[in-house]
Structure formats: C-alpha cells, structure tokens
Engineer: 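Following this message is one structure expressed as structure tokens.
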Amino acid sequence: QVQLVESGGGLVQAGGSLSLSCAATARTFSSNFMGWFRQAPGKEREFVAAMRWSGGFTLYADSVKGRFTISRDNAKNTMYLQMNSLKPEDTAVYCCAGLRGIAPVTLAGSYDYWGQGTQVTVSS
C-alpha cells in the first residue's frame with residue numbers, strides 16, 4: 001500500500017518562501033496524477049496544484065498561479081511544491097494525494113490515497 005509523507009511546512013513571514021515535499025513510501029509506486037490540496041481552519045479543502053507523474057501536464061489554482069511550482073523526482077518517488085511570495089491567506093494544512101486512474105484532478109474525491117498533511121503558517 002502506498003503511503004504519502006509530507007514535510008517542509010512551517011512558519012514564514014508574508015512574502016517568504018517554503019518548499020514542501022511529498023514522499024511515496026512504497027516499493028512499487030504507480031500513480032497517474034499527483035496533487036496538492038490545502039485546508040484552512042473553518043474552510044473546505046481546496047485544490048492547489050496537480051501534475052501527471054509521467055510529465056507533460058501541470059495545473060494550478062488561480063490563487064497560486066505564478067507563485068507556486070509543482071515538480072517531482074521520479075528516482076526518489078517524491079513530489080515537491082515550491083511556494084514563493086506567500087500570503088497570510090495561504091495559511092493551511094497542505095496535503096498531497098495520488099490518483100491512479102483518470103479523473104478530474106481538481107476534485108479531492110478523485111484521489112485514491114492521501115498524506116497526513118503539513119502545516120503552513122504565513123504571518124503578516
């Protein structure tokens with residue numbers, strides 16, 4: 001069974017940067033798409049970014065486009081989210097997720113497995 005483990009969250013001032021990692025801990029890892037979602041207190045989980053694991057496709061939420069970059073290292077079975085120009089409204093728990101098949105990548109319900117999440121807090 002695939003497990004996803006996020007790391008890299010923390011506290012940063014507005015305008016700063018953080019880099020999140022999502023490591024897949026499985027001997028065999030087969031995921032068609034990988035995504036990042038976030039959930040702020042009192043709000044619903046929202047889509048942040050997604051990519052096809054084999055490459056050639058990335059998608060970003062409008063709220064992070066131009067500031068966040070999703071990438072992966074195939075050899076390490078690890079996905080990354082580079083977050084620049086952070087804003088207080090980016091404060092949330094960030095989770096990575098894997099999707100084995102074909103489904104809308106912006107919908108949380110499409111994904112088959114999830115990490116536990118990592119807290120990102122942006123102070124003003």
Engineer: Shared ILVMFWY cluster between V120 and Y60, side chains joined below 4.5 angstrom?
Structural biologist: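 Both belong to a single hydrophobic cluster.
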Engineer: Assigning hydrophobic clusters by single linkage (Ile, Leu, Val, Met, Phe, Trp, Tyr; side-chain heavy-atom cutoff under 4.5 Å), is L107 placed with V48?
Structural biologist: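 In one cluster with L107: V48, no.
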Engineer: Quick one: pull up CG in L20 and CD in Q82 and give me the separation to the nearest 0.5 Å.
Structural biologist: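 Reported value, rounded in 0.5 Å steps: 8.5 Å.
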Engineer: When clusters are formed from ILVMFWY side-chain contacts under 4.5 Å, directly or step by step, what else is grouped with L11?
Structural biologist: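 Same cluster as L11: nobody, lone residue.
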Engineer: Answer yes or no: is there a donor N or O on one side and an acceptor on the other, between the side chain of R72 and the main chain of W53, under 3.5 Å?
Structural biologist: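 Indeed, once roles are kept as given, a pair shorter than 3.5 Å links the two residues.
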Engineer: Determine whether V64 and L86 fall in the same hydrophobic cluster, where Ile, Leu, Val, Met, Phe, Trp and Tyr are linked whenever their side-chain heavy atoms lie under 4.5 Å apart.
Structural biologist: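 Yes, one cluster joins them.
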Engineer: Restricting to non-hydrogen atoms, name the atom on L4 and the atom on G98 that form the minimum distance, rounded to 0.1 Å.
Structural biologist: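 In this case the closest contact between L4 and G98 is CD1-N, 3.8 Å.
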Engineer: Return yes if some donor-acceptor pair links the side-chain N/O of N32 with the main-chain N/O of G101 below 3.5 Å, else return no.
Structural biologist: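 Here the side-chain-to-backbone pair exists.
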Engineer: Please round to the nearest 0.5 Å and tell me the distance separating atom OG of S124 and atom NZ of K87.
Structural biologist: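 Between S124 OG and K87 NZ, I get 14.0 Å after rounding to 0.5 Å.
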Engineer: I need the full list of ring pair (Phe, Tyr, Trp, His ring centres under 6.0 Å) pairs touching residues 92-112, with sequence neighbours left out, sorted by first then second residue.
Structural biologist: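 Of all non-adjacent pairs touching residues 92-112, those that pass ring pair (Phe, Tyr, Trp, His ring centres under 6.0 Å) are F37-Y111, Y111-W114.
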Engineer: Would a 4.5 Å heavy-atom cut-off, applied to side chains only, mark V12 and M83 as touching?
Structural biologist: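 In short, these two side chains do not touch, never coming nearer than 4.5 Å.
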Engineer: If only atom types and distance count, is the side chain of E6 paired as donor or acceptor with the main-chain N or O of Q116 below 3.5 Å?
Structural biologist: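 Yes: the side chain of E6 pairs with the backbone of Q116.
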Engineer: Between CG of L18 and CG of N84, what distance do you get to the nearest 0.5 Å?
Structural biologist: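 The CG atom of L18 sits 9.5 Å away from the CG atom of N84.
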Engineer: Using only atom types and a distance under 3.5 Å, with no angle test, would you say the side chain of S21 pairs donor to acceptor with the backbone of S7?
Structural biologist: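 No, S21 side chain to S7 backbone: no donor-acceptor pair under 3.5 Å.
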Engineer: Can you name the residues that form a side chain to side chain donor-acceptor pair (under 3.5 Å) with R52, not counting sequence neighbours?
Structural biologist: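 R52: no side chain to side chain donor-acceptor pair (under 3.5 Å) contacts found.
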Engineer: May I have all residue pairs that pass salt bridge (charged side-chain N to carboxylate O under 4.0 Å, His left out) and include part of residues 98-115, sequence neighbours excluded?
Structural biologist: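 Those involving residues 98-115 are R100-D112.
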Engineer: List the residues meeting salt bridge (Lys or Arg N to Asp or Glu O under 4.0 Å) with R45, not counting sequence neighbours, and say none if there are none.
Structural biologist: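 Listed in chain order: nothing, the list is empty.
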Engineer: Less than 4.5 Å apart, any side-chain heavy atom of R67 and any of D90?
Structural biologist: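 SC-SC contact between R67 and D90 confirmed.
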Engineer: Could you list the residues that satisfy side chain to side chain contact (heavy atoms under 4.5 Å, CB included) with T106, not counting sequence neighbours?
Structural biologist: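 Only F47, L59 meet the side chain to side chain contact (heavy atoms under 4.5 Å, CB included) criterion with T106.
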Engineer: State which residues pass salt bridge (Lys or Arg N to Asp or Glu O under 4.0 Å) with E89; sequence neighbours excluded, sorted by chain then number.
Structural biologist: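 For E89, no residue satisfies salt bridge (Lys or Arg N to Asp or Glu O under 4.0 Å) once neighbours in sequence are set aside.
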Engineer: Take S31 and M79 through the test side chain to side chain contact (heavy atoms under 4.5 Å, CB included) and record every step on the way to the result.
Structural biologist: CA-CA 12 Å; S31 183; M79 177 177 66; over 6 Å; no
Engineer: Could I get the full list of salt bridge (Lys or Arg N to Asp or Glu O under 4.0 Å) partners for D73, not counting sequence neighbours?
Structural biologist: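 Counting only residues at least two positions away or on another chain, D73 forms no salt bridge (Lys or Arg N to Asp or Glu O under 4.0 Å).
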Engineer: List the atom of P104, the atom of S110, and the distance in Å for their closest heavy-atom pair.
Structural biologist: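 Nearest heavy atoms, P104 then S110: O-OG, 2.7 Å.
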Engineer: Find out whether F68 and I70 are in side-chain contact, i.e. whether some heavy atom of one side chain is under 4.5 Å from a heavy atom of the other.
Structural biologist: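 A side-chain contact under 4.5 Å is absent here.
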Engineer: For residues 115-124, pull every pair meeting salt bridge (charged side-chain N to carboxylate O under 4.0 Å, His left out), keeping only residues two or more places apart or in separate chains.
Structural biologist: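 Of all non-adjacent pairs touching residues 115-124, none passes salt bridge (charged side-chain N to carboxylate O under 4.0 Å, His left out).
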Engineer: Could you work out, with salt bridge (Lys or Arg N to Asp or Glu O under 4.0 Å) as the rule, every residue matching K65, not counting sequence neighbours?
Structural biologist: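 Residues passing salt bridge (Lys or Arg N to Asp or Glu O under 4.0 Å) with K65: D62.
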Engineer: Would you name the heavy atoms of A92 and Q119 that are closest together and state the gap between them?
Structural biologist: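 That would be O-NE2, 3.4 Å.
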Engineer: Test: disulfide bond (SG atoms under 2.5 Å apart). Region: residues 74-124. Which pairs qualify, not counting sequence neighbours?
Structural biologist: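 Residue pairs passing disulfide bond (SG atoms under 2.5 Å apart), neighbours aside: C22-C96.
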Engineer: When clusters are formed by joining ILVMFWY residues with side-chain heavy atoms under 4.5 Å apart, either directly or through shared neighbours, do V105 and Y113 land in the same one?
Structural biologist: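 Looking at the clustering, Y113 is in a separate group from V105.
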Engineer: Between the main-chain N or O of T91 and the side-chain N or O of T121, is there a donor-acceptor pair closer than 3.5 Å?
Structural biologist: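 Checked: no pair found.
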Engineer: Rounded to the nearest 0.5 Å, how far apart are OG1 of T118 and CG of L81?
Structural biologist: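 Those atoms lie 11.0 Å apart.
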Engineer: Sequence neighbours left out, what pairs pass disulfide bond (SG atoms under 2.5 Å apart) with at least one residue falling in residues 48-90?
Structural biologist: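 Of all non-adjacent pairs touching residues 48-90, none passes disulfide bond (SG atoms under 2.5 Å apart).
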